[in-house]
Amino acid sequence: MTENTQQSPDRGPMDSAPELPTQYAPAEVEGPLYERWVERGYFEADAKSDKEPYTIVIPPPNVTGSLHLGHAFEHTLIDALTRRKRMQGFEVLWQPGMDHAGIATQNVVERELAKEGKSRHDLGREAFVERVWQWKAESGGQISGQMRRLGDGVAWSRERFTMDEGLSKAVQTIFKKLYDDELIYRAERIINWCPRCLTAISDIEVEYQDDDGELVSIRYGEGDASIVVATTRAETMLGDTAVAVHPEDERYKHLVGTEIELPLTGRRIPVVADEHVDPEFGTGAVKVTPAHDPNDFEIGRRHDLPSLTVLDEHGVITVHGPFLGLDRFEARSTIVGALRAEGRIVAEKRPYTHSVGHCSRCKTTLEPRQSMQWWVKVGPLAEAASKAVREGDVAIHPKEMESRYFGWVDNLHDWCISRQLWWGHRIPVWYGPNGEMVCVGPDDEAPTGEGWHQETDVLDTWFSSGLWPFSTLGWPEKTESVAKFYPNSVLVTGYDILFFWVVRMMMFGLYAMDGTPPFHTIALHGMVRDQFGKKMSKSFGNAVNPLDWMDKYGSDAVRFTLARGANPGVDVPIGEDWVQGSRNFANKLWNATRFAMMNGATVEGELPAADRLSATDRWILSRLNSVVAEVDAYYDDYQFAKLSDTLFHFAWDEVFDWYVELSKATFAKGGPEAEVSRRVLGEVLDVTLRLLHPVVPFVTETLWTTLTGRESVVIADWPATVLVPGADAPGGFRDAAAEQEIATVQQVVTEVRRFRSDQGLQPGQKVPARLDLTGTALAAHEDAMRSLLRLQPAGEGFSATASLPVAGATVALDLSGTIDVEAERKRLAKALAAAEKDKAQSTAKLGNEAFLAKAAEAAVEKIRKRLETAEADIERITAQLAALPGGNGTTA
RNA sequence: GGGCGCAUAGCUCAGCGGUAGAGCGCCGCUCUUACAAAGCGGAUGUCGGCGGUUCAAAUCCGUCUGUGCCCACCA
């Protein structure tokens with residue numbers, strides 16, 4: 001043995017592999033790789049190709065702001081799917097692009113303007129929209145920069161934006177078609193109105209929060225003809241046009257049909273009977289304000305009540321009198337004060353917590369408001385969207401999410417699509433001087449002339465993103481891309497926008513594309529959370545910029561961590577420690593490849609024939625084939641966590657810890673056996689790197705190209721089952737006997753290591769020992785085991801025996817040296833107790849007739865094996881105890 | 001009010017009828033010529049409580065408790 005112990009970590013044998021430094025430095029490696037991939041056009045998709053298409057559209061990020069960890073997560077999943085399919089030989093299109101995000105973007109730009117002390121009205125519509133386009137140019141560049149850092153393999157030449165000319169044409173086309181089919185209409189309804197954004201918003205854009213309000217009870221009318229109503233919004237009483245009670249309510253029957261006095265107004269309003277009223281709630285009487293409450297609006301309709309608007313678009317009182325011009329909240333207290341002065345407040349106001357709608361964009365308390373808006377009649381569209389999933393044309397993954405989908409799509413209300421904004425697709429309807437209304441299609445001339453003007457409202461942003469799966473491909477033109485890449489293969493998105501986005505795409509896709517759904521599978525992922533499972537948010541201070549972690553640990557580390565956490569449909573916690581762990585894994589890959597290359601691992605030439613392979617080689621190739629099959633199955637089931645974990649453990653534990661260690665002795669010895677192992681190691685590494693590439697593209701590209709000398713792993717073939725010449729089996733090469741044999745080697749080695757550790761022997765210390773493997777299958781592994789265990793030939797003195805039953809023979813391992821007898825006795829006693837317990841349990845189990853009758857054969861076999869092992873263990877341990885100095889074979 | 005989900009090792013989660021798993025963390029010992037971002041060894045759980053089905057339950061059923069999310073309503 002050499003005494004070369006003064007090896008500096010910086011120099012030494014690794015000099016023989018100068019291509020790879022001793023540590024993986026992602027920052028130096030990742031940058032140039034991505035640009036090379038793009039330049040070579042690997043990510044572009046050819047509509048003329050005769051390969052089978054595989055299409056995924058990016059859930060378009062809002063042009064505002066930058067990508068967060070949630071995007072990094074989603075992109076990792078899509079990138080992994082598409083990279084694998086590309087390697088499998090599909091014509092892959094990962095469609096990139098961004099969303100104009102109407103109200104969100106308009107608000108951001110308005111805030112920018114506010115810093116300059118200006119409002120959008122100072123600029124005017126045209127200049128304002130111009131300004132938003134400028135903003136988009138800056139912000140959009142930032143997002144694509146982040147996508148490049150992440151390694152997203154998107155077809156950049158096809159990048160689209162929902163406000164592009166082409167996509168705007170798609171919007172106009174479908175609007176016109178819906179209009180002509182009478183699925184779009186204009187009507188006056190109660191809508192959710194944001195008094196700050198000054199626009200209608202749809203039901204799903206409302207965020208409900210519990211707010212503390214006050215419930216006040218007000219007496220309407222006088223004497224016998226009086227009724228007490230309760231309200232949290234006293235200011236709306238100015239617009240009351242009735243009081244409603246339940247038809248069966250005895251307390252108020254005599255008043256139904258009469259009129260009572262509405263305080264402060266001098267008006268008289270009718271008392272009506274309506275089923276909607278809950279006689280149990282409050283006083284059982286409800287004030288009715290049709291113009292400012294959705295339920296009241298319905299009551300008003302049923303009883304033909306007038307609608308009196310008392311608040312304007314800013315939420316300011318519009319009725320003449322003492323309250324004119326008051327803000328809605330001021331008006332509330334002022335009016336309560338006035339009512340109290342008149343003795344109308346019958347009970348003290350009391351605190352009342354109720355949920356109130358807020359604008360999801362600016363958090364302002366919403367005001368229900370009656371106004372003229374544009375609507376999509378969703379009935380037939382939603383029915384088709386529901387049917388497509390119900391009949392299996394579209395699969396939702398994980399399946400549990402289907403109930404959410406149905407819950408929504410089967411109860412959809414008509415969709416309010418008009419927004420009183422400036423940023424967005426302007427509704428293509430022109431109004432004429434005599435009340436004419438013309439919907440203008442993309443190929444029509446807009447009416448001109450005196451008195452004609454276009455609708456000023458724009459469309460809800462989800463209107464255009466609902467067309468994304470085909471508008472990005474050039475629809476309504478009959479392009480080759482539409483023919484090739486529609487329908488999309490899979491939609492990968494978060495469960496949080498199942499309703500906002502997925503349902504819209506389903507409805508529009510089915511409608512526009514003659515009943516062909518936009519995708520066959522919807523794979524839903526969860527939300528990224530922090531390491532304690534808490535939601536990430538800027539205000540809570542636990543939000544992470546993915547770029548920070550990518551700078552520190554590399555993109556691969558961030559991607560691998562996210563993929564390892566990706567169980568279908570459930571939220572993904574992520575912490576910096578975990579990213580570090582993934583970085584360590586990348587480094588491990590790096591160093592294992594270095595080792596392989598230092599030892600001449602190669603991918604050239606056929607694999608050696610089966611009869612030339614050692615059991616170790618056969619074991620790892622057999623395991624490799626299992627892993628290939630497992631990973632494929634997991635990919636097909638969108639089980640990213642499982643496939644990542646499988647690869648992590650296979651690579652680290654089996655290949656790097658065991659195969660490499662067991663092969664070191666072979667490599668050291670050289671000769672034809674080493675030659676065989678070099679080829680096997682090359683094969684195993686090659687396949688493992690290819691399997692890992694979709695998830696950790698950068699480090700695998702660097703290592704794979706170095707190892708193989710080939711162009712790029714991006715365009716390499718996805719691993720198929722490895723075939724060993726001379727041992728072709730239908731399902732690929734498998735060797736259960738070799739797997740069993742190596743498992744035994746592992747057991748022996750681990751046992752001896754534990755013994756050494758328990759004895760306080762230094763790992764590096766050579767121990768004089770005799771390893772007697774004569775007549776067993778393990779004889780072939782003697783060199784490897786000796787080297788692993790640092791065993792020297794036996795010397796004099798005490799000897800302890802470790803033995804395991806292998807293939808009908810017994811391995812005797814004598815360790816000589818100074819032994820801590822007490823420690824060993826204790827350890828063996830513990831092991832003996834465990835084995836005896838195992839034996840007892842297994843015996844009981846096998847004596848159980850019911851178990852034998854009903855259990856699966858494999859289960860019974862497992863128990864039998866366990867019993868056998870336990871019995872052998874007992875025999876062995878008893879012998880070891882007996883061999884201890886002063887021992888008599890029995891335990892205390 | 002309705003619906004869905006979750007409670008497993010210190011933390012975050014897999015497992016979902018046959019004798020408890022991972023990552024990180026923790027405790028030892030080691031710079032053993034790929035890697036200390038490493039190696040080796042070790043400890044840690046009445047699988048939320050209670051009942052039931054079964055030869056057998058973390059796993060199925062019921063129930064309670066805690067917790068999260070979605071939807072609806074809230075005068």
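Labels below follow one simple rule: chain letters A, B, ... track the order of the sequence lines, proteins then strands, and each chain is numbered from 1.
Comparing B:C13, B:G39, B:A34 by their closest approach to the side chain of A:V660 singles out B:A34. The side chain of A:R564 lies closest to B:G23, out of B:C55, B:G23, B:C35. Distances from the side chain of A:D657 to the nucleotides B:G15, B:G39, B:C24 place B:G39 closest.
Note on A:V860: nothing from the nucleic acid sits closer than 4.0 angstrom, heavy atoms only. No engagement by A:K287 is indicated, since no non-hydrogen atom pair under 4.0 Å with the nucleic acid exists. Counting any heavy atom pair closer than 4.0 Å across all strands shown, A:V570 reaches sugar-phosphate atoms only and no base atom. Using a 4.0 Å heavy-atom cutoff across all strands shown, A:R529 reaches no nucleic acid atom at all. Nucleic acid contact for A:D571: none, since no nucleic acid atom lies under 4.0 Å from a heavy atom of the residue. Residue contacts for A:T283: at a heavy-atom cut-off of 4.0 Å it reaches no nucleic acid atom on any strand shown. Using a 4.0 Å heavy-atom distance criterion, A:T593 is classed as making no nucleic acid contact. In this structure, A:K845 reaches the bases: a heavy-atom distance under 4.0 Å links it to at least one base atom across the strands shown. Across all strands shown, A:K535 has no heavy atoms under 4.0 Å from either base or sugar-phosphate atoms. A:Y495 comes within 4.0 angstrom of nothing in the nucleic acid, heavy atoms only. Residue A:R753 is classed as a sugar-phosphate contact, given heavy-atom separations below 4.0 Å to backbone atoms only.
Rounded to whole Å, the distance from CG on A:D577 to P on B:G23 is 15 Å. In this structure, CG of A:D410 is placed 14 Å from C1' of B:G3, rounded to the nearest angstrom. In this structure, A:L498 places its CG atom 18 Å from P of B:C69, rounding to the nearest Å. Atom CD in A:Q531 sits about 17 Å away from atom P in B:G10, given to the nearest Å. As a whole-Å value, the separation of A:F585 CZ from B:C24 P is 12 Å. A:E207 places its CD atom 14 Å from the C1' atom of B:C69, with the value rounded to the nearest Å. For the pair A:F499 CZ and B:C4 P, the interatomic distance rounds to 14 Å; values are reported in whole Å. Across the protein-nucleic acid pair, A:D653 atom CG and B:G39 atom P stand 9 Å apart, rounded to whole Å.
Salt bridge status for A:R864 with A:E861: present, with a side-chain N to carboxylate O gap under 4.0 Å. Between A:K664 and A:E661 there is a salt bridge, with a side-chain nitrogen of the basic residue lying less than 4.0 Å from a carboxylate oxygen of the acidic one. Ion pairing of A:K552 with A:E576 is present here, as a side-chain N (NZ or NE/NH1/NH2) and a carboxylate O approach within less than 4.0 Å.
Rounded to whole Å, the C1' atom of B:G42 lies 15 Å from the corresponding atom of B:G25. Nucleotides B:G10 and B:G62, compared at atom P, are 30 Å apart to the nearest Å. The separation of B:G48 from B:A58, taken at their P atoms, amounts to 10 Å, rounded to a whole angstrom. Taking atom P in both B:C40 and B:C31, the straight-line distance is 16 Å, to the nearest Å. Comparing B:G45 with B:C35, their C1' atoms are spaced 33 Å from each other, to the whole Å. Nucleotides B:A56 and B:G3 place their P atoms 33 Å apart, quoted to the nearest Å. The same atom, P, is picked in B:A7 and in B:C47; the two are 14 Å apart, to the nearest Å. Separating the C1' atom of B:A14 from that of B:U53 is a span of 27 Å, rounded to the nearest Å.
Between A:F595 and A:F667, the ring-plane angle classifies as perpendicular under the 30° and 60° cut-offs. Ring geometry, A:F585 versus A:F648: the interplanar angle falls from 30° to 60°, so the pair is classed tilted.
With A:T561 contributing its side chain and A:A557 its backbone, the two residues share a donor-acceptor pair below 3.5 Å. Between the side chain of A:N587 and the main chain of A:R583, no donor-acceptor pair closer than 3.5 Å is present. Side-chain N or O atoms of A:H292 include one that pairs as donor or acceptor with a backbone N or O of A:V310 at under 3.5 Å.
Each of A:G284 and A:R754 was assigned the nucleotide of RNA chain B with the nearest heavy atom; the assignment lying further toward the 5' end belongs to A:R754. In terms of position on RNA chain B, the residue among A:E661 and A:E400 whose nearest nucleotide sits closer to the 5' end is A:E400.
Searching all strands for a Watson-Crick or G-U wobble partner of B:A38 with both distances below 3.5 Å returns B:U30. Pairing for B:U19 is absent, with no Watson-Crick or G-U wobble pair whose two atom distances lie under 3.5 Å. Nucleotide B:U44: unpaired (no Watson-Crick or G-U wobble partner with both distances less than 3.5 Å). Under the Watson-Crick and G-U wobble criteria, each requiring two contacts below 3.5 Å, nucleotide B:C6 is paired to B:G66.
Judged by distance alone, with hydrogens and angles left aside, A:Q841 brings a side-chain donor or acceptor within reach of the base of B:U19, the pair sitting under 3.5 Å. Counting distance only, with no hydrogens placed and no angle test, the side-chain atoms of A:Q580 and the base atoms of B:A37 include no donor-acceptor pair under 3.5 Å. In the interface, the side chain of A:K588 is paired with the base of B:C35 through a donor and an acceptor atom under 3.5 Å apart.
The phosphate of B:G15 (OP1 or OP2) has a side-chain N or O of A:K642 nearer than 4.0 angstrom. Dashed line: the shortest gap from a side-chain N or O of A:W408 to OP1 or OP2 of B:C4 is not under 4.0 Å. For B:A38, the OP1/OP2 oxygens have a side-chain nitrogen or oxygen of A:N584 closer than 4.0 Å.
Considering all non-hydrogen atoms of both residues, A:N567 and A:A641 come closest at ND2-CB, 3.5 Å.
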